[in-house]
Amino acid sequence: MKIYLSDTLSKKKKEFIPIDHKNVRIYACGPTVYNFPHFGNARMAVVTDLLVRVLKQKYKKVTFISNITDIDDKIIEAAKEQNVTIGELTNKYHLIYNQDMESLGVSLPTFQPKATDYIADMIDFIKILVDNKCAYESDGNILFDTDSYKYYGALSKRVMNDQKTGTRVKKANYKRNDNDFILWKPSFKNEPGWDSPWGLGRPGWHIECSAMSKKCLGLPFDIHCGGVDLTFPHHENEIAQSCSLGNGNLKPESFCNYWFHNGFVTFDNIKMSKSLGNIKLVRDLLKKYEGRVLRLCLLSAHYKQPLDFSENSLKQFKNYLHKLDYFYNVNFSEEYEREKIVNNNYFEEFLSSLFDDINTPKALRILNDHISKVRNTTLTEKKIILQSIFKSLKILGIEKSSLNKLENDKGEIMKLIKERENARKNKNFNLADELRDKLKKMHIEIEDTPDGTKWFKTK
RNA sequence: GGUGCGGUGGCGGAGAGGCUACGCACCGGCCUGCAAAGCCGAGUACACCGGUUCGAAUCCGGUCCGCACCUCCA
């Protein structure tokens, strides 16, 4: 089965063909760690996590690199305000980021490089750019000369002269061209800095991703991920830098083959912003909703589309998962964990929707179809569908974490259930309810179904 | 001004010329000791105006509205 992905550079949905079938390589721009991650950060993480899971269905090895930016002016500022070192600050928020993402079922990337561990690589990178005359010095800064790269604007489809530069930030007069960006800047007084051929300083914003993707993945690699807002200037600048390392202007494809951008998240149709005070932190949302509810919400729309969420929509996903859990409890036990699926048409159908540009809404529809089919089919077919559903839920990452485990107290549980069944037969409902309570205290929930009483652990 | 993405039923959200998307909510019925789930049925859609077509939410032209980006925001 073929995988298709939308690609921002070519503006097309393209068949995914890896450079090396034995090792698919992906890079995603990770967070700048100076604050708690919000729901928008989470979308990128969840969506790329799913992308990796899907690719792993087809390819044995997927190397997924997602960086941590731990040097930046905002970090310096925040550290100063909180009276801590930048290391203390970034370590703290790096950890928090990983914890919060874990709550959303996001696996750690294959490797999570930190920018400050790659300063030497960045310096080497910049040296080459200077030697190639793609960078120049001005007021102590080393800047990339965007005029030197003829494909500048190819990713974001911008004709640079038509852009209104300085709409948000004042024009800098040390730049030859308004689009030029800082590769290296000098550090003063208490600012953190590293020795370089251009004196004590620190890297600009875009260079870290170029240096780390080159070092950790090699060029070119397969897929570059990030939020749409990074398309310009961040990704455009990454391309310019990374394609200026050799002789002349290399085409953007010599950096990476597919650009995978996820849409923005809004709350009640309004962009989350500090000034409006409507930033939804993952941490706070987790107080009210399970990680799975949040994950489902983030996967409910196609990744490219804008995603609006609200208290109301979260409630809807919570309700949906509640019903799904009932289904899960009644149908699955530990044995499903071990079973391997072979030639399962249902699972193929499900997977084909994800292979088609990670179409999660379609995948959810197919999942729902399968669930309703389970109730209305033969026993053999039922087993096949259930296997598919089990695996489908695992890929989406919305499976229930606790399955029935064959534990020591199973005999006791079975005994109590039997007793309760007898009590019900004899219409001794008081006793039946007492036994239910007793089981509840053992963290066992029971449900009476047409196939008899089902039980499952709640912890 | 430029670039990109959108406007689908009460809500979320697919689809992309003819066939019920799906989910949540709501209403009616069935089932049910309780709890939960399930089943059957009803309803409410494709921003607007033209055009193409036997047929358009889907194609074409125009209009309106929203959002994002245009140097440090995922």
Side-chain angles (χ1 to χ4, degrees), chain A residues 8 11 28-32 37-48 69 72-75 146 153 155-172 175 178-182 204-206 225-234 236-237 261-266 269-274 296-297 300-302 304-310 312-327 329-330 353 359-369 371-372 375-376 423-424 427-430 432-433 436 440 445-450 454:
Chain A
T8 311
K11 282 181 78 177
C29 292
T32 301
H38 57 69
F39 209 46
N41 301 108
R43 187 176 197 193
M44 190 285 284
V46 166
V47 160
T48 51
T69 297
D72 171 276
D73 285 359
K74 280 175 299 186
I75 291 174
T146 48
L155 182 71
S156 53
K157 323 286 179 229
R158 283 160 213 253
V159 178
M160 289 308 150
N161 292 337
D162 291 343
Q163 300 297 301
K164 270 189 189 172
T165 37
T167 44
R168 291 168 62 192
V169 169
K170 267 189 202 155
K171 272 165 105 171
K175 291 180 182 182
D178 291 326
N179 294 310
D180 294 353
F181 54 92
I182 289 179
W205 176 32
H206 316 286
C225 312
V228 263
D229 56 321
L230 293 183
T231 311
F232 192 92
H234 186 54
E236 199 73 72
N237 292 352
H261 287 116
N262 64 272
F264 244 68
V265 177
T266 54
N269 277 312
I270 300 165
K271 181 183 173 175
M272 293 187 279
S273 81
K274 273 185 191 161
L296 178 63
C297 174
S300 68
H302 187 93
K304 277 196 304 184
Q305 299 299 122
L307 176 83
D308 183 56
F309 78 110
S310 61
N312 182 26
S313 67
L314 287 173
K315 214 185 286 167
Q316 290 184 19
F317 297 116
K318 188 179 174 178
N319 289 345
Y320 173 74
L321 272 184
H322 179 76
K323 288 189 179 180
L324 195 65
D325 284 350
Y326 175 88
F327 182 85
N329 290 328
V330 167
S353 64
N359 193 336
T360 46
K362 193 174 171 191
L364 289 168
R365 197 212 73 208
I366 291 169
L367 183 71
N368 289 325
D369 282 355
I371 287 172
S372 25
R375 301 179 183 111
N376 199 3
R424 288 179 67 220
K427 303 218 186 281
N428 188 351
F429 298 121
N430 284 339
D433 289 344
R436 188 212 289 273
K440 209 174 214 165
E445 200 72 49
I446 49 172
E447 267 147 10
D448 300 321
T449 77
K454 301 274 183 177

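The sequence lines fix the lettering, A, B, ..., with proteins before strands; numbering per chain opens at 1.
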Is the shortest side-chain N/O distance from K315(A) to OP1 or OP2 of rC24(B) below 4.0 Å? no
F181(A) and H206(A) aromatic ring geometry - parallel, tilted or perpendicular at 30°/60° bounds: perpendicular
Roughly how far, to the nearest 0.5 Å, is CE of M44(A) from NE2 of H261(A)? 11.0 Å
Just by distance, no angles: are the side chains of H38(A) and N41(A) close enough, under 3.5 Å, to form a donor-acceptor pair? yes
Would you indicate which nucleotide in rA14(B), rC39(B), rA74(B) comes nearest to any side-chain atom of N262(A)? rA74(B)
When you compare rG28(B) with rG17(B), how far apart are their C1' atoms, in angstrom units rounded to a whole number? 36 Å
Within the modelled atom types, does a donor on one side and an acceptor on the other bring the side chain of R424(A) and the base of rG33(B) under 3.5 Å apart? yes
Could you check whether any side-chain N or O of Q305(A) sits under 3.5 Å from a backbone N or O of G263(A), counting only pairs where one atom can act as donor and the other as acceptor? no
If you look at every strand shown and take non-hydrogen atoms under 4.0 Å, does N359(A) touch a base, only sugar-phosphate, or nothing? sugar-phosphate
From CZ of F264(A) across to C1' of rG6(B) the rounded distance in Å is 15 Å
Take atom P in rA57(B) and the same atom in rU20(B), then report the distance between them in whole Å. 15 Å
To the nearest Å, give me how far apart CG (L367(A)) and C1' (rA21(B)) are. 14 Å
Mind checking H261(A) for me? I need base, sugar-phosphate or nothing, with any heavy atom below 4.0 Å counting as a touch. nothing
Quantified in whole Å, what is the C1' atom distance between nucleotide rG55(B) and nucleotide rU3(B)? 37 Å
Considering every strand and a 4.0 Å limit on heavy-atom distances, what is the contact class for N368(A): base, sugar-phosphate, or nothing? sugar-phosphate
Return the minimal non-hydrogen interatomic distance between C297(A) and L307(A), and the atom names on each side. O-CD1, 3.7 Å
Need one value for D72(A): base, sugar-phosphate or nothing, where a base atom within 4.0 Å counts as base even if backbone is also close, heavy atoms only. base
Pick the P atom in rC22(B) and in rC5(B), then give their distance to the nearest Å. 29 Å
Could you tell me whether D433(A) contacts a base, only the sugar-phosphate backbone, or nothing, with contacts defined as non-hydrogen atoms closer than 4.0 Å? base
Gap in Å between the two P atoms, one belonging to rG13(B) and one to rC24(B), rounded: 16 Å
Roughly how far apart, to the nearest Å, are rC40(B) and rG4(B) at atom P? 46 Å
Under 4.0 Å between any heavy atoms, over every strand shown, what does R436(A) touch: base, sugar-phosphate, or nothing? Just pick one. base
By side chain to side chain donor-acceptor pair (under 3.5 Å), which residues pair with Y320(A), not counting sequence neighbours? N368(A)
Quick one: label Y326(A) by what it contacts on the DNA or RNA (base, sugar-phosphate, nothing), any heavy atom closer than 4.0 Å. base
Starting the side chain at C-beta, find the nucleotide from rA14(B), rC11(B), rU3(B) nearest to Q316(A). rC11(B)
Is a side-chain donor or acceptor of K362(A) paired with a backbone partner of S353(A) at a separation under 3.5 angstrom? no
Residue E447(A), side-chain heavy atoms: nucleotide from rG4(B), rG12(B), rA36(B) that is nearest: rA36(B)
Remember a base hit wins even if backbone is also touched, and classify K323(A) as base, sugar-phosphate or nothing at under 4.0 Å, heavy atoms. sugar-phosphate
Taking only side-chain nitrogens and oxygens of H234(A), does any of them come within less than 4.0 Å of OP1 or OP2 of rC69(B)? no
Check RNA chain B for consecutive Watson-Crick or G-U pairs with both distances under 3.5 Å and list the runs of at least three as stems. B:1-7 with B:64-70, B:10-12 with B:22-24, B:27-30 with B:38-41, B:47-51 with B:59-63
Using only heavy-atom distances, decide whether a donor-acceptor pair under 3.5 angstrom links the side-chain of D448(A) to the base of rC34(B). yes
Applying a 4.0 Å non-hydrogen cut-off, can you work out what F317(A) is touching in the nucleic acid: base, sugar-phosphate, or nothing? sugar-phosphate
N237(A) vs F39(A), nearer the 5' end of RNA chain B by closest nucleotide: N237(A)
For D308(A), all residues meeting salt bridge (charged side-chain N to carboxylate O under 4.0 Å, His left out), sequence neighbours excluded: none
Could you check which of rC24(B), rA74(B), rA36(B) has an atom nearest any side-chain atom of N319(A)? rC24(B)
Atom CD1 of I366(A) and atom C1' of rG13(B): how far apart are they, to the nearest Å? 15 Å
When the P atoms of rC19(B) and rG61(B) are considered, how many whole Å apart are they? 25 Å
How is D180(A) classified with respect to the nucleic acid when contacts are heavy atoms under 4.0 Å: base, sugar-phosphate, or nothing? base
Students often get this wrong, so: under 4.0 angstrom with heavy atoms, is K304(A) touching a base, only sugar-phosphate, or nothing? nothing
Most 5' of D73(A) and Y320(A) on RNA chain B, judged by nearest nucleotide: Y320(A)
Report which part of the nucleic acid Q305(A) touches: base, sugar-phosphate, or nothing (heavy-atom distance under 4.0 Å, all strands). sugar-phosphate
How close do S300(A) and L364(A) get, counting heavy atoms only, and between which atoms? CA-CD1, 4.3 Å
Can you tell me which nucleotide in rA35(B), rC5(B), rA74(B) comes closest to the side chain of P306(A)? rC5(B)
Under 4.0 Å, counting only non-hydrogen atoms across every strand here, what does V265(A) touch: a base, just sugar-phosphate, or nothing? base
Would you indicate which nucleotide in rG12(B), rA14(B), rC69(B) comes nearest to any side-chain atom of D308(A)? rG12(B)
By the 4.0 Å heavy-atom rule, please label G227(A) as base, sugar-phosphate, or nothing. sugar-phosphate
Which whole number of Å gives the distance between the C1' atom of rU32(B) and that of rC39(B)? 12 Å
